[in-house]
Every structure is written in C-alpha cells, then in structure tokens.
Engineer: 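Right, I'll just put the structure down here and ask away after.
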Amino acid sequence: MSPQIHYIHPDQLCIGLYIQLELGWLEHDFTFSNFKIKDEGQVRALQALGLQRLRYDPARSDCEPLPLETPEVPAPAPPQEDPETRARKARTEKLRELRQRVAEVDRRFLQASQQVKNLNQTLRSRPEEAIQHAGAIVGGLVETLLGEPGVVLHSITGKGAEDSYYHALNVTVLALLLGRQLGLDSEACHSLGLGALLHDIGKMEVPSKVLLKPEPLTRAEQQFLQLHTEFGLRMGQRLMLDDEVLRIIHEHHEHCDGSGYPRGLREAGIGRLSKLVAITNQFDNLCNPLDPRNALSPHEALALMFKQQRSRFDEVALKAFIRAMGVYPPGSLVQLDDERYALVLGMNPGQPLRPTLIVHAPDVPKQEALILDLEQESHLSIARSLRPAQLPLEVLEYLNPRQQLTYYVEPRPGRS
C-alpha cells in the first residue's frame, strides 16, 4: 500500500514543516529538494516559486501547516427590482394593511354588539349592572370618537351579531359621530350615547308579535307600538337615568314640525340631544326596515330625509349628519371613473369624496377582493352612486352588500 501524499497551499508554509519539492534541481535555488524549513527566508523563497501547491511530509514535520484563510467573498448585490415589481409589492403591502384594519373594525363591532346583547338580557334581572355595562360601552365609543383626530366610519363586512341588537348599536355609533361633527364635549356625548343606546328600552314591554309583524300594523297595534316611548320613560325613571338621557328615550320620535309622537312637540320643545337621535334613528330605520325588500341605500336614505322629510328634523343637525356620513356613505354601491363597480366600506369625514372601497374584479377571488383607499389612489375617483338593481347580478353577489347594514368606527391617529 503506497504511503499517502499530502499537499498544502503556499500560504500555509511555516517554520518546522518538512517540504518535498516536486521540481528538478535546476528549477529551484535550494540545496536539496527535500528539507525542513528553518527560517522565514526559506518560507518567502518557497512562496516565490509560484507553485499552486507544495508537497509535505506530516510525519517528519515539527508542526501543522498554517490554517488556510478563506477569502471573503462579497455578498452578491441584491437583484434590482423593476419599477413594476416594486409597485406591485407596495400595492400588496397596502392591501394587507387595509385588510388588517377592516378585520379589526369587524372584531371591535362584534365585541360591542355582544355587549349590547348582554345589556338587553340583564336589563330586567339586574338593571343596575346593565346600566353600568351601557355606560362602559358608550364610554369606549366616546373615547374612540373624541380621542383621535381622525375617525373613519365603516360599514361592517363580517358576520355580525343577532339582528335585534344592530339597531341600538347603529343609532349610538351614528349619533356619536353626529355629536362629534357638531362639536359636543365629552359629557354631552356620553349622555347622547347612553340615550341612543337605550332609546328603545320601552319596546321590552311590547309583544314580539307586534314588534316583528311583517304585515302592516293595524291602527290599534300602531298606537300600542308608539307607547314604547312612554314605557321607556317610566323604565328609565326607575333606573334613575339623568334627565338628558330620559328625554332622548321619550322624544326620539318627536319631529320639529309637530308630526311626531308621543306629544307632538315642535322644534323648541324637543331636547337638543333628542333631535340628534331622531335623525340617526330615522336613517337606520330607512336603511334597515323589518322587511329588507323595502330597504333604501344609505345614499337614498340621506336624499329622502333631506328632500322630503327635512321639516321633521333640526336643519343644522341634519346638514351636519349628511357631512359626517359623506357624499357616499359606507354601504353605498358606486361606479368608479374607470367603470369598475365597488362597495363603499369606510369613509373619513375629512375626505368625503375619497372613501375606502371593496372593488369588483372578476379575475380576483371574492374572498381576496381588492380593497382600495381612494385617499391613496389619487388617479381614481367615484363617478356615480348606484342602486343594487343597477348592477349585474354577478357583481352584486361578488360585492355582497349586507341585507342588514351596520356601522362601527375606526380610530386613525394623525388624520383629520
């Protein structure tokens, strides 16, 4: 068996190694071809030979060769992305952030609606505890609305709570948004929110066969239903609610032209906060009637209230509500100037023409539908508002506007 041959790189040479030159004697200046390195001069002379490798004998060497340093290879420069790829990545990241925002608003709405459900279930058995819960719900909403410079109103896209709890929460959210638009302070907003949340507590005394009757009510049934404002007042008095809250419960169906109930009050006789809840209550009733086939779009509801029912409401408050809801309120169906259809998801009172949209795109799966914030898409704008009947069926099914329109708010720090 032949002995193993060992080689090293010239950079590994050091004193004490036994070298075996594989060169003819005329090809080097050393006395012998095999020798032990004695000094640095011999190391430099061996390296000057320009050989790629040198043979050495480990058994006859006094030490190990020097370790061979691996030269640092510079990391390859990252490939340069073309502008189209960069733009696509930016859009993807923006869409991810928007989806996170929408999901968080949906989660907060579900949490609040569950709290409203619990509130209604404890009003009879533990009324004091229920009022504390109501105060906490309203306090959280007031803090959100007054605590941030920019608050965006959203229509809810996810699965919501039970329908019977939508109305109270909708009226509360919208009333507080209106109160913020009118510059109400925190104390007034708290009374406004509590009154809005409890405005229909008197309906607990009305049989469900009247409340949920799909056919038109008889005159007697209508009169009995209207008594819910009186029932609510008495219940609120037993709960020792403050006067502003009691007035909202009692007066939320009063009209400034005297056509409302229970007392047919005119504008001067109606409480200032009651006038605000009367507006948001009517808006939600128009958008979410008992029979969904009679529902108006938010755009249509605002137009009806302003054009045909204006005399019923405080004019300043009604105009402020329209400003707060925006030209295209959340839940509205619209068409963009590039002809794509979209559902308005959220709006910012500071940018009424630049809402957030869910856009119809046949080549994108419905569950991954494109969400656009028009405030960040300066090249796009809304061309017109549409009724559901004006959209092709496949578009309507894709955008899936909820039969039950619900709202919640999203704080956006630093926005106005």
Engineer: Tell me every residue that passes salt bridge (charged side-chain N to carboxylate O under 4.0 Å, His left out) with Asp338, counting only those two or more places apart in sequence or in another chain.
Structural biologist: Arg340
Engineer: Compare every heavy atom of Asn294 with every heavy atom of Pro289, then report the nearest pair and how far apart it is.
Structural biologist: CG-C, 3.7 Å
Engineer: Measure the spacing between CG of Leu286 and CD of Gln309 and express it to the nearest 0.5 Å.
Structural biologist: 5.5 Å
Engineer: So, for Val344 and Tyr328, which heavy atoms are closest and what is the spacing to 0.1 Å?
Structural biologist: CG1-O, 3.4 Å
Engineer: Using every non-hydrogen atom in the two residues, find where Ser191 and Leu273 come nearest and quote the distance to one decimal.
Structural biologist: CB-CD1, 3.9 Å
Engineer: Please tell me if the side chains of Glu143 and Ser186 come closer than 4.5 Å, counting only heavy atoms from C-beta onward.
Structural biologist: no
Engineer: Run the ring-centre check on His199 versus His167 and record whether the distance is less than 6.0 Å.
Structural biologist: yes
Engineer: Under the 3.5 angstrom rule, does the side chain of Ser378 hit a backbone N or O of Glu375 as a donor-acceptor pair?
Structural biologist: no
Engineer: Taking side chain as C-beta onward, heavy atoms only, is Leu211 less than 4.5 Å from Leu290?
Structural biologist: no
Engineer: Do Thr280 and Asp284 come within less than 4.5 Å of each other through their side chains, counting heavy atoms only?
Structural biologist: no
Engineer: Measure the shortest side-chain to side-chain distance between Leu336 and Ile382 over non-hydrogen atoms and say whether it is less than 4.5 angstrom.
Structural biologist: yes
Engineer: What do you reckon, is CG of Asp243 surrounded by more than 12 foreign heavy atoms closer than 6.0 Å?
Structural biologist: no
Engineer: Go through it in stages, so that I can follow the logic: the residues are Leu246 and Gln237, the test is side-chain contact (heavy atoms from CB on, under 4.5 Å), and I'd like the CA-CA distance, side-chain angles, deciding distance and then a yes or no.
Structural biologist: CA-CA 7 Å; Leu246 290 175; Gln237 288 169 336; 4.0 Å; yes
Engineer: Any donor and acceptor pair, going by atom type alone, linking the side chain of Ser61 with main-chain N or O of Tyr18 inside 3.5 Å?
Structural biologist: yes
Engineer: Going through the checks in order, is the side-chain contact (heavy atoms from CB on, under 4.5 Å) test met by Ile371 and Leu357?
Structural biologist: CA-CA 6 Å; Ile371 301 175; Leu357 310 169; over 6 Å; no
Engineer: What's the shortest heavy-atom distance between Ala295 and Cys287, and which atoms?
Structural biologist: CB-O, 3.3 Å
Engineer: Is the shortest heavy-atom distance from the side chain of Arg53 to the side chain of His9 under 4.5 Å?
Structural biologist: no
Engineer: Closest approach of Leu318 and Met305, non-hydrogen atoms and distance?
Structural biologist: CD2-O, 3.8 Å
Engineer: Within this structure, what is the CG-CG distance for the pair Leu192 and Leu197, rounded to the nearest 0.5 Å?
Structural biologist: 11.0 Å
Engineer: Answer yes or no: does atom NE2 of His255 have more than 12 heavy-atom neighbours from other residues, nucleotides or ligands under 6.0 Å?
Structural biologist: yes
Engineer: Please evaluate residues Glu22 and Tyr7 with respect to the criterion side-chain hydrogen bond (donor to acceptor under 3.5 Å, both in side chains), reporting the C-alpha separation (whole Å), side-chain torsions for both, the decisive distance (0.1 Å), and the verdict.
Structural biologist: CA-CA 11 Å; Glu22 297 178 316; Tyr7 290 95; 2.8 Å; yes
Engineer: Is there a donor-acceptor contact under 3.5 Å from the side chain of Thr122 to the main chain of Ser125?
Structural biologist: no
Engineer: Using every non-hydrogen atom in the two residues, find where Leu182 and Ala320 come nearest and quote the distance to one decimal.
Structural biologist: CD2-CB, 3.5 Å
Engineer: Indicate whether any N or O donor in one side chain lies under 3.5 Å from an N or O acceptor in the other, for Tyr261 and Glu230.
Structural biologist: no
Engineer: For the CG atom of Asp62 and the CD1 atom of Ile15, what is their distance to the nearest 0.5 Å?
Structural biologist: 10.5 Å
Engineer: Just by distance, do the side chain of Gln20 and the backbone of Arg55 share a donor-acceptor pair under 3.5 Å?
Structural biologist: no
Engineer: Any side-chain heavy atom of Leu54 sitting closer than 4.5 Å to one from Leu17?
Structural biologist: no
Engineer: Are Glu251 and Ser274 close enough that a side-chain donor and a side-chain acceptor fall under 3.5 Å?
Structural biologist: yes
Engineer: Could you tell me if the side chain of Gln282 sits less than 4.5 Å from the side chain of Phe313, heavy atoms only?
Structural biologist: yes
Engineer: Would you indicate whether Glu394, at its atom CD, is surrounded by more than 12 heavy atoms from other residues, nucleotides or ligands within a distance under 6.0 Å?
Structural biologist: yes
Engineer: Do Asp200 and His228 have a side chain donor and acceptor closer than 3.5 Å?
Structural biologist: yes
Engineer: May I ask you to decide if Tyr341's main-chain N or O and Gln335's side chain share a donor-acceptor pair within less than 3.5 Å?
Structural biologist: no
Engineer: Any heavy-atom pair between the side chains of Leu233 and Thr229 that's under 4.5 Å?
Structural biologist: no
Engineer: Evaluate the side-chain contact (heavy atoms from CB on, under 4.5 Å) criterion for residues Ile358 and Leu370: first the C-alpha distance (whole Å), next the side-chain angles of each, then the deciding distance (0.1 Å), finally the verdict.
Structural biologist: CA-CA 6 Å; Ile358 298 176; Leu370 180 64; over 6 Å; no
Engineer: Rounded to the nearest 0.5 Å, what separation is found between the CZ atom of Arg272 and the CG atom of Leu184?
Structural biologist: 5.5 Å
Engineer: Carefully, step by step, assess Leu343 and Val359 under the rule side-chain contact (heavy atoms from CB on, under 4.5 Å).
Structural biologist: CA-CA 7 Å; Leu343 176 73; Val359 181; over 6 Å; no
Engineer: Does Asp242 use its side chain to pair, donor to acceptor, with the backbone of Val245 at less than 3.5 Å?
Structural biologist: yes
Engineer: I'd like to check the salt bridge (charged side-chain N to carboxylate O under 4.0 Å, His left out) partners of Glu64; sequence neighbours left out, ordered by chain and number.
Structural biologist: none
Engineer: Rounded to the nearest 0.5 Å, how far does NE2 of His250 lie from CD1 of Ile248?
Structural biologist: 13.5 Å
Engineer: Check this for me, if you would: do Arg266 and Glu254 make a salt bridge, where the nitrogen-to-carboxylate-oxygen distance has to be below 4.0 angstrom?
Structural biologist: no
Engineer: Taking Lys275 for its side chain and Glu315 for its backbone only, find out whether a donor-acceptor pair lies under 3.5 Å.
Structural biologist: no
Engineer: Counting only N and O atoms by type, is there a donor-acceptor contact under 3.5 Å from the side chain of Arg354 to the main-chain atoms of Leu374?
Structural biologist: yes
Engineer: Would you check, one step at a time, whether the test salt bridge (Lys or Arg N to Asp or Glu O under 4.0 Å) holds for Arg124 with Glu205?
Structural biologist: CA-CA 11 Å; Arg124 285 190 188 278; Glu205 304 294 333; 3.6 Å; yes
Engineer: Determine whether the aromatic ring centres of Phe321 and Phe283 lie less than 6.0 Å apart.
Structural biologist: yes
Engineer: Output the distance between atom NE2 (His299) and atom CG (Leu333), rounded to the nearest 0.5 Å.
Structural biologist: 11.5 Å
